[in-house]
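This report concerns only the one structure given below.
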Amino acid sequence: MAIRLFFKRANAVRAGALPVAVIVWAGLTAGPSAFAAEKPRAGSNLVFAVGGTPPSFDGHRETTFAMLHPVAPHYSTLLRFDPQSYPKIVGDVAESWTVSKDGLVYTFKIRRNVKFHDGSQLTARDVKATYDKIIFPPAGVASARQASYAVVQEIETPDIYTVMFRLKQASASFLANLASPWNFIYKADILVRDPRWYEKNIMGSGPFVFVEHVPGSHWVGKKNPDYFMKGRPYLDGYRAIFIRDTAPRVAAIRSGQALIEFRGFSPAARDDIMKTLGNKGVVQESPWICNLTVTINNEKKPFDDPRVRRALTLAIDRRLASKALSKISLAKYVGGLFRPGSEFAASDAELKKLAGFGDNIEGARKEARRLLKEAGVPEGFSFSLKNRNVKEPYEVTGVFVIDQWRQIGLNVNHIQQEGGPYFDDFRQGNYDAGIDFACDFMDEPDLQLIKFLSSDKSTLNYARYKDPVLDDLYEKQSRETHPKKRLALLRQFEKRVLDERAYQFHILWWQRLVPHWAKVKGWKITPSHYLNQDLRDVWLAE
């Protein structure tokens, strides 16, 4: 039933009727209307599970849920998406805002009752320092989303509670980009002393104050009594427990050691949990703005040859992957650079014209072997595939891809790593090929395509290539306001990345399944596991 609803909503999205699809699956004892009728209860501590460990604590630098889920409750952002009516944008520390008629100046008024956890006032200066770090990072400071704010010319603070962003040209996606859940507001005085201080320390203005972090074990936060929203948060505190493997994480939910895991489980794990919880559990489901990609180090031989990269993508049977992996994994939907069902996605007919996305896998593999031979790659050529040691869906997808490559005579060693070494190796180019991911908080192309820009323009491009054609197409689509003309530019961009140059390529898009104890209230699923994680509205019915 949920799948039928998804495609029904997806078709509506394509027709422009809905900006995004969100599904709340059948709860066994209470539906969303029942949740809305309940009165929040203050007190109690929420325990939730996290399937990874934070590489650092800096939201401006990191890209993984393993950092965001335990750390986000400590911070405020300028804007946020309203989880009750996604993708509506509401203010967080911004009380109000205006946009100039020419779309070049965004002016924000900052709330006057927001304090950092050290008791100091949060002002426009802190917001400016935060976005200066994100958009214009000093030497030696990593900013994962710098490229998505290339449209910003400068940031001004005309007074203590006013921030102005001046743009080089109008941008339809700019306001939504400011609602990024990664853009934690940091304290300006700290950034002046050490712009990398937040990689190892916590000091925000969010609903929960930092208590302790025991690496590999847990993370604890307690209620911020001075939080700017009166009556929030409802919880006295929270404890995030780190459990890497899926089976013990499922067991933790079943036993009540943890009440929820916010990222999502496979269909089998969902059923396993609900079989135990019965009428004490509910499930929330949604399509997911997430996929796994194969990233190839374009600087290494023989992967610097586009014939070799094209052979790698031709060898993968994505239609089979969808059928096989969806039974054991949350990976499911075949798609290109945009989430299947989104208004920007290629049609199935368009997709089948791209290398590796067609129906004739035998013909595709024959062509792959020809290309490898033409490129001088010997039969039995060996290389390594680096991957995260996160079972769902990284490990199962890595195993599947390696099996596909063996069918064209390649011998691949699967190397799985903890988050810190994994991200370091990708950033430094210390790999041959790897299972990477593209997850974010909205479908907007200005955000979704950042990963595929030239490596000197996007720190997220781990494939390490430079392509001025792609960079130019990105600029053109970003400025194009006519929907059909923009779609045409997106198809050109997609064909160049996935087919003509095969720099890096998608495997499958995901479906988000979150089974949890019914007594967890006030949390609503969105199409992104990065959103709605500050826990300020969450409460426990006990």
Side-chain angles (χ1 to χ4, degrees), residues 48-58 61-71 144 199 213-219 240-253 257-258 261-266 268-269 272 288 290-297 316 321 324-325 328-331 382-406 411-439 451 460 462-463 504 506-508 510 512-513 529-530:
F48 62 90
V50 182
T53 54
S56 85
F57 308 157
D58 187 353
R61 167 192 169 98
E62 302 303 339
T63 60
T64 173
F65 74 97
M67 184 285 299
L68 196 72
H69 287 190
V71 177
E199 292 178 15
H213 171 221
V214 177
S217 174
H218 64 268
W219 186 291
I241 53 176
F242 301 112
I243 308 175
R244 188 187 77 85
D245 291 331
T246 302
R249 209 162 58 251
V250 169
I253 305 294
Q257 180 190 2
E261 192 257 34
F262 291 110
R263 180 168 169 266
F265 282 110
S266 69
D272 189 5
W288 202 342
C290 269
N291 62 69
L292 285 187
T293 64
V294 170
T295 294
I296 302 170
N297 190 337
I316 298 171
L325 297 185
I328 58 172
S329 160
L330 45 83
S382 298
F383 64 94
S384 295
L385 179 77
K386 287 202 171 179
N387 201 352
R388 299 177 76 175
N389 62 352
V390 177
K391 192 172 184 63
E392 273 293 326
Y394 293 86
E395 291 182 9
V396 292
T397 301
V399 170
F400 180 85
V401 167
I402 287 171
D403 178 67
Q404 300 289 290
W405 286 339
R406 281 177 178 154
N411 182 27
V412 185
N413 181 31
H414 197 187
I415 299 175
Q416 295 156 270
Q417 299 175 296
E418 292 285 349
Y422 165 88
F423 284 109
D424 282 345
D425 280 351
F426 271 71
R427 287 167 180 148
Q428 296 170 18
N430 182 28
Y431 74 101
D432 299 324
I435 297 294
D436 191 13
F437 64 97
C439 283
K451 193 176 193 65
L460 294 177
Y462 302 138
Q504 48 186 330
H506 289 43
I507 304 299
L508 294 175
W510 304 357
R512 193 176 181 199
L513 316 170
H529 62 305
Y530 300 141

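Quick note: residue numbers are just sequence positions, from 1.
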**OP:** Report yes or no: does His69 contribute a side-chain atom to a donor-acceptor pair with the main-chain N or O of His529 at less than 3.5 Å?
**Re:** yes
- Query: Looking at side-chain heavy atoms only, is the closest gap between Ser266 and Thr246 below 4.5 Å?
  - Reply: no
Point to revise | Centroid-centroid distance, Trp510 to Phe437, less than 6.0 Å | key: no
Between the CH2 atom in Trp405 and the CG atom in Leu385, the distance rounded to the nearest 0.5 Å is 5.0 Å
**OP:** Would you check if the side chain of Arg249 reaches a backbone N or O of Val50 as a donor-acceptor pair within less than 3.5 Å?
**Re:** no
Check: Do Arg427 and Tyr462 come close enough that some side-chain heavy atom pair is under 4.5 Å?
Finding: yes
In short, Glu261 meets Gly51 closest at the heavy-atom pair OE2-N, 4.4 Å
Interatomic distance, OG1@Thr295 vs CD1@Ile435, rounded to 0.5 Å, equals 8.0 Å
Here the pair of heavy atoms bringing Glu62 nearest to Ser56 is OE2-OG, 2.6 Å
Can you check whether Pro215 reaches Phe242 side chain to side chain, under 4.5 Å on heavy atoms? no
Pro55 and Phe423 have their tightest heavy-atom pair at CG-CD1, 3.8 Å
**Asked** Is any side-chain heavy atom of Leu325 less than 4.5 Å from a side-chain heavy atom of Pro393?
**Response** no
For Leu330 and Gly264 the tightest heavy-atom approach is CD2-O, 3.9 Å
Smallest heavy-atom separation, Val399 atom then His414 atom, equals N-CE1, 3.9 Å
Taken to the nearest 0.5 Å, the spacing of Ile243 CD1 from Ser217 OG works out to 9.5 Å
So CZ of Phe383 and CG of Asn297: to nearest 0.5 Å the spacing works out to 12.0 Å
Residues at least two apart in sequence or cross-chain that pass side-chain hydrogen bond (donor to acceptor under 3.5 Å, both in side chains) with Asp424, listed by chain then number, are none
Keeping Arg512 on the side-chain end and Phe262 on the backbone end, is there a donor-acceptor pair under 3.5 Å?
yes
The residue among Lys451, Arg388, Lys386 that forms salt bridge (Lys or Arg N to Asp or Glu O under 4.0 Å) with Asp436 is Lys451
Worksheet item: Looking only at atom types and distance, does a side-chain atom of Asn387 sit under 3.5 Å from a main-chain N or O of Tyr394, one as donor and one as acceptor?
Response: yes
- Task: Look at the rings of His213 and Trp219 and say which category their plane angle falls in: under 30° parallel, 30 to 60° tilted, over 60° perpendicular.
- Result: tilted
Got Ile241 and His218 here, is their nearest side-chain heavy-atom distance under 4.5 Å? yes
N/O donor-acceptor pair under 3.5 Å between Tyr431 side chain and Ser384 backbone
no
Checking side-chain polar atoms at under 3.5 Å, does Glu418 have a donor or acceptor matched by the opposite partner on Asn389?
yes
Value for OG1 (Thr397) from CG (Leu508), rounded to nearest 0.5 Å, stands at 6.5 Å
Rounded to the nearest 0.5 Å, the CD atom of Gln404 sits from the CD1 atom of Ile507 at a distance of 9.0 Å
| So Arg263 and Phe48, side-chain contact (heavy atoms from CB on, under 4.5 Å) or not? Walk me through it. | CA-CA 10 Å; Arg263 180 168 169 266; Phe48 62 90; over 6 Å; no
Nearest heavy-atom contact between Gly216 and Thr53 is CA-CG2, 4.4 Å
